[in-house]
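Since the structure comes first, as structure tokens, the remarks are kept for the end.
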Amino acid sequence: MSTTEPAVELHGITKRFPGVVANHDIDIEVAAGTVHAIVGENGAGKSTLMKILYGMQRPDEGTIKVDGVEVALHSPSDAIARGIGMVHQHFMLADNLSVLENVVLGAERLHGIGGKARRRIEEISHQYGLGVEPDRLVEQLGVGARQRVEILKVLYRGAKILILDEPTAVLVPQEVEELFGNLRDLKREGLTVIFISHKLDEVLSVADTITVIRRGTTVDTVRPGDVTARQLAELMVGSELPVPELRESTVTDVPVLTMDGVTVRDATGRAVVDDVSLTIHEGEILGIAGVEGNGQAELVEAIMGMLPLAAGVVRLGDTDLTGMATRRRREAGIGFIPEDRHRHGLLLESPLWENRILGHQTRPPNVKGGLIDRQGARNDTERIVRDYDVRTPNIDVTAASLSGGNQQKLIVGREMSGDPKLLIAAHPTRGVDVGAQSAIWDHLRHARAEGLAVLLISADLDELIGMSDTLRVILRGRLVGEADPATITPDQLGSLMTGAGEESAA
Amino acid sequence: MIHRLFARSWTRTLVAAFVALVFSIAITSIVLSISGFNPPSTFQAMFEFGKEPDSIVNTLNKAAGYYLSALAVAVGFRMNLFNIGVDGQYRLAAMLAAAAGGAWSLPPVLHQLVIIIVAVLVGGLWAAVPALLKVTRGVSEVISTIMLNFIATGIIAYLLNPGRLAVQLGPNNIGTKTISRSGRVPGTPFPGTDLKLYSLLVIAILAGIGFWFMINRTRFGFDLRATGLSQSAAVASGVDARRMVVMAMVISGAIAGLIGMPQLLGESYTYSLNFPTGIGLTGIGIALLGRNGPVGIAFASLLWAFLDVSSQILDFNDIPKEIVAITQAAVLLSVVVVYEVVSRVGQRIDQRHVAAQLGEVAA
Amino acid sequence: MIEQEIRTPAPRTGDRERRRTRMLAVGGGIFIALILLRLITGESDITSSGTMGATLALAVPIGMAALGGMWSERSGVVNIGLEGMMTFGTWGAAFASYFSGNPWLGLLGGIVAGAVGGLLHAVATVTFGVDHIVSGVALNILAPGVTRYLSDLLFTDEKGGGATQSPPLPSFPTWSVPGVGKPLGSLEKHHWILISDLAGLVRGVLTNLSPITLLGILLVPVSYYLLWHTAFGLRLRSCGENPVAAESLGVKVYRMKYSAVVISGALAGIGGVFLAMVASSNYQEGQVNGRGYIGLAAMIFGNWRPGMVAGGAGLFGYTDALQLRGGAGAVHAMLLLIGIGLLALAVWRGYRRRVVAAAVSAVVGAGVLVWFFLTDALPREIVTYSPHITTLLVLAFAAQRLRMPAADGMRYRRGGGH
């Protein structure tokens, strides 16, 4: 089904933002009817490039050709009209609308918003084996199903070129396999897929061609048969990728965090954390594996005292935390690296030194009595910036003006400075560049060596397996399995996470 | 350098206020011209009248109430809590405090103190109602405080009846029993006029200083600001959001209780049908105009009071004095818009500045 | 009803039917309770045609504000400025109808004036990203100033006009369903149980209708159809649920929000027209008197859905009608109903093992009953504010399990998504 003209050609694409160049001299040729992967680390400029191709941003220089014709894309509608569709990394779905409404939105002209549209959706769903039910509310769907709705949305608009932005970030290995099956079906039907990722194994298994982006520009285009994952990694970051791994065990038998029969219910009375019992010891990193939305966030909030317990006990050392307010728990020695640093970890519009105080409002060096000790807080912020290598001109700039990696390093530094006994690290390296990732792993190792207990939650299975002393699996709020990080593979862990291995539950 | 100009928040506020002022003067001029009046001579007349000693005293006296009112509103605004109920809180507080002051006869100092304490308590308690409704029942404080303003009006109308808390003051006026001399605060003379400044202006000044200290220097103030900037981050940091709502609301209501005091103890000595109303609503505008900071609010309340007082001359020139309501509304609406734009521009400049200094490629 | 959970993933049509049945059941239940109350207390105004007619009439301005709020919030813009927009509506109606002598132009004037208020709110919140509450409050401060100025300028020289009110305005023709008024009127006089009450209800609703009332009633199903059964409505609602997603699909989010907020202002304007020209014979300052805010409460009570929103408006309209017509006695009788209702709620909550909530309801309910039995009438000054007190009570006891649009009240910048 391949034609002579490439489906998409990008030539000399350059995009500048105030003060920075996000893309320069990008050249990519995507052959029709293939899966073309674009790889690069966080911050390399992949998303900017895709926004340009989808009409969300305009390039300052360079040309875009679709099916051999030069085009100017001013908006997503232009891109859609040219047959380009995009499946975003963060799903673009309205939870409180039905699948049908989400699909037809913006494309009501095609088949209306009623019965005809419903039939068309069922048709497409059948043709590509997507298994989408048009009348369900989106909020009732799981992650995999939502992604299929997103793909259907794009196909409904008649897209011939699909851009998938980090589509596997939220999937377990089994779902990734399913997705790749869907992609092969699409390819067989003559569609072109542009697949953006930083997971090299996946890229090697599904792509026909791979283009590598580093520091905003294309550095090479290769075929999967010609390179190894290691070579790709070197192309991608210019050096070797950091490896998540622990050296000799530091685990002691002194329990730090003990949870016993902890249950949390949502407003409707459903148990979102269901009878969870676990113990983390000094010098131990305990990893929680699970598909997102299976109670990890609630588990963390229960430990932090942000959600009330319906049943159970939480202890830190000999202290019973149950019923204690969040602030008292922090004072008792819990450090918290939240999953969503913008929502839970920072005051974006405040200067760095005020962010140093956040979460430590009651402790020196930030306060003296009931008053804020500005000088103390400022001095200690300087120390964190130095010791944790936070790249910033000074400590008076707002948190919002730092890059994601530097924001995260500031948070790690802050949470480590309250002399914690327990560190809760939820997705500590999500969305940060390789340098920051490696630094954060170092800090976790260091903390572990110092005798901290760490609760690690991550969607990156390599990180979980590499950085944990003990692994537990959470499914629908219950701890359903235990795994030995020394022997388990990501595939095996993935099947535990989806419940396929429930019989091996501890 | 533009970056310098936008670096500090107070310069941003200043720029925003200036632009808004120019804009609203322009709007006012246009409205005046369309209505067939001459803008320059109108402004001239207002300015001439406004700088007379009488007007200055009136402006300052009026500004005291406005200032306290805006402070009360700002306490809530600083944590994204909208206490629209300052109006009801201060009227109820002033009425009950006046009734208490009229009913009880106490030695000086103690008498004034008791009146003020009653006002603060009533204001705080009335404000606690929406706070409790919010934290226990999830009722939006915006709607509940507005409803409570109406209900306060009803309660005042009910209590302000002969046989309840009121006595007949004149043929067309009733009010609480007049506070005796021991409970009054004599005014301060002002050169060039027989009018006197409210000595309780000092309460407004003290409240402003206290507000600044609380917001910027105390742990409580940090928690309050953190909650306003990001409730989710504040909760994760250990701030008890419910407690903060109740505390902020009660403090706001307590300050609201003070609003009527300079007037009550310095001039009217009774809560009658003539007691000024609506100061609580004006306070919302002034707080927004002053960007919820104690200094900004001071300028804003002086400006507002000046417009109120100096516009009195316009009726003599057959110009509807309500033109200043348009000026006030225009300055308010434009300041919120301009500030939004200025702070966005400022943030972008910040980011560019940081990126440029580090020479990083960010995406 | 309020405690009802809507969690089961049933097909949507079934959902809709269930909602409809539930609404009918609730409506019927309330009516029967009112009849019983009339029997016990002897306050005939509780179900009289006069009260019912007034309910409908007073529900219209609140309902228009509530519908307006719903339009705006469905697109994600919180509209606390409804009060100001209604104020603009009252003045616009007076201006246009008085100087043209034509009531219909008054309607147009009110709509336009309200829509202009909406436009201002849209400019501030959508284009400039100002906090929705702040902008709304600013608008509510702006409206009385502007109308006062304009009245001073335009009405003071007219006969009967002044800075705070307009001269008498031309009125709309009224209309009754033929052949209903007289026979029902005589039925009603007999005070037969149920029959007289129903007669009162029907007569009140079908006679002496103003065209604005009819328009208001009509706008409920029209809003429902537009928002839930057209592409325009889907796009508009998507902006309130997930504007980033909507934008990624080519929906012009700003344009949708602008339309919604302007429509919202126009609806509030109609409410204003009603107040100035139907409920009264001229424009008066302060005429809106918090109805914009009460409308917002009716919208919340109605869970952002048109049928329930209309029901909420009816509830507040009824309390308003009762206080105006029945006065202190009829409102006093309501205490009995509220007290019993709260006790019933307490029992229900006890059954659901929500001990604290049950205790609160029981204590408040018992308090209200004691109040009822110890007094003969409520103070007139307080009765005036019964709609406001009702609003507070309803929000306090009902503000649960509501589903507001997911992106309601959030600032949204074009291209803000990642």
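Residue numbering restarts at 1 for every chain, and letters A, B, ... go by the order of the sequence lines.
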Task: B:M46 to B:V324 - nearest heavy-atom pair and separation - done: CE-CG1, 3.7 Å
- [ ] Might you point out which heavy atoms bring C:V261 and C:G118 nearest each other, and give the distance in Å?
- [x] CG1-O, 3.2 Å
- [ ] Go through C:I294, C:V356, C:N140, C:N289 and name the one with the most non-hydrogen pairs under 4.5 angstrom from chain B.
- [x] C:N289
Task: Interchain contact, B:T327 with chain C, by part (heavy-atom threshold 4.5 Å) - done: neither
Donor-acceptor pairs are to be reported for all side-chain atoms of residues 328-337 of chain B against protein atoms at under 3.5 Å, with residues two or more places apart or in another chain.
unit_1 : atom_1 : unit_2 : atom_2 : d
B:Q328 : NE2    : B:D308 : OD1    : 3.0
B:S334 : OG     : B:A330 : O      : 2.5
B:S334 : OG     : B:V331 : O      : 3.2

Task: Members of residues 77-87 of chain B whose heavy atoms come closer than 4.5 Å to chain C - done: B:F82, B:I84
- [ ] May I ask you to check whether C:Y254 and C:Y258 place their ring centers less than 6.0 Å from one another?
- [x] no
Task: For chain B, the option from C:I141, C:L139, C:V360 that forms the most heavy-atom pairs under 4.5 Å - done: C:I141
- [ ] Using non-hydrogen atoms and a 4.5 Å limit, figure out which bit of B:V338 sits close to chain C: side chain, backbone, both or neither.
- [x] neither
TODO: Check each atom of B:I146 against the heavy atoms of chain C and say whether the ones under 4.5 Å are side chain, backbone, both or neither.
DONE: side chain
Task: side chain to side chain donor-acceptor pair (under 3.5 Å) partners for C:Y385, two or more places apart - done: none
Task: Interatomic distance, B:T176 atom OG1 to B:I156 atom CD1 [nearest 0.5 angstrom] - done: 11.0 Å
Open item on the list: Checking C:T384 now: which residues fulfil side chain to side chain donor-acceptor pair (under 3.5 Å) with it, not counting sequence neighbours?
Closed with: none
- [ ] With a 4.5 angstrom heavy-atom cut-off, could you sort out which part of C:V137 is near chain B: side chain, backbone, both or neither?
- [x] side chain
- [ ] Please state whether the side chain, the backbone, both or neither of B:N149 comes within less than 4.5 Å of a heavy atom of chain C.
- [x] neither
- [ ] Determine whether C:M334 and C:T319 make a side-chain contact, defined as any pair of heavy atoms from C-beta on separated by less than 4.5 Å.
- [x] no
Open item on the list: Within the supplied structure, the quantity of interest is the number of heavy atoms (other residues, nucleotides, ligands) at a distance under 6.0 Å from B:R242 CZ; does it exceed 12?
Closed with: no
Open item on the list: Tell me which of these, C:V130, C:T391, C:I389, C:I80, has more heavy-atom pairs under 4.5 Å with chain B than the rest.
Closed with: C:V130
Task: chain B interface, residue from C:E83, C:R148, C:R411, C:R380 that has the most non-hydrogen pairs under 4.5 Å - done: C:R148
- [ ] Would you mind telling me which of C:S135, C:G290, C:G136 has the largest number of heavy-atom pairs within less than 4.5 Å of chain B?
- [x] C:G290
Task: Contact leader toward chain C among B:V341, B:V129, B:L288, B:I319, where contacts are heavy-atom pairs under 4.5 Å - done: B:L288
Task: Contact check, side chains of C:L395 and B:M147, non-hydrogen atoms, under 4.5 Å - done: no
Open item on the list: Using every non-hydrogen atom in the two residues, find where B:I323 and C:Y149 come nearest and quote the distance to one decimal.
Closed with: N-CD1, 3.5 Å
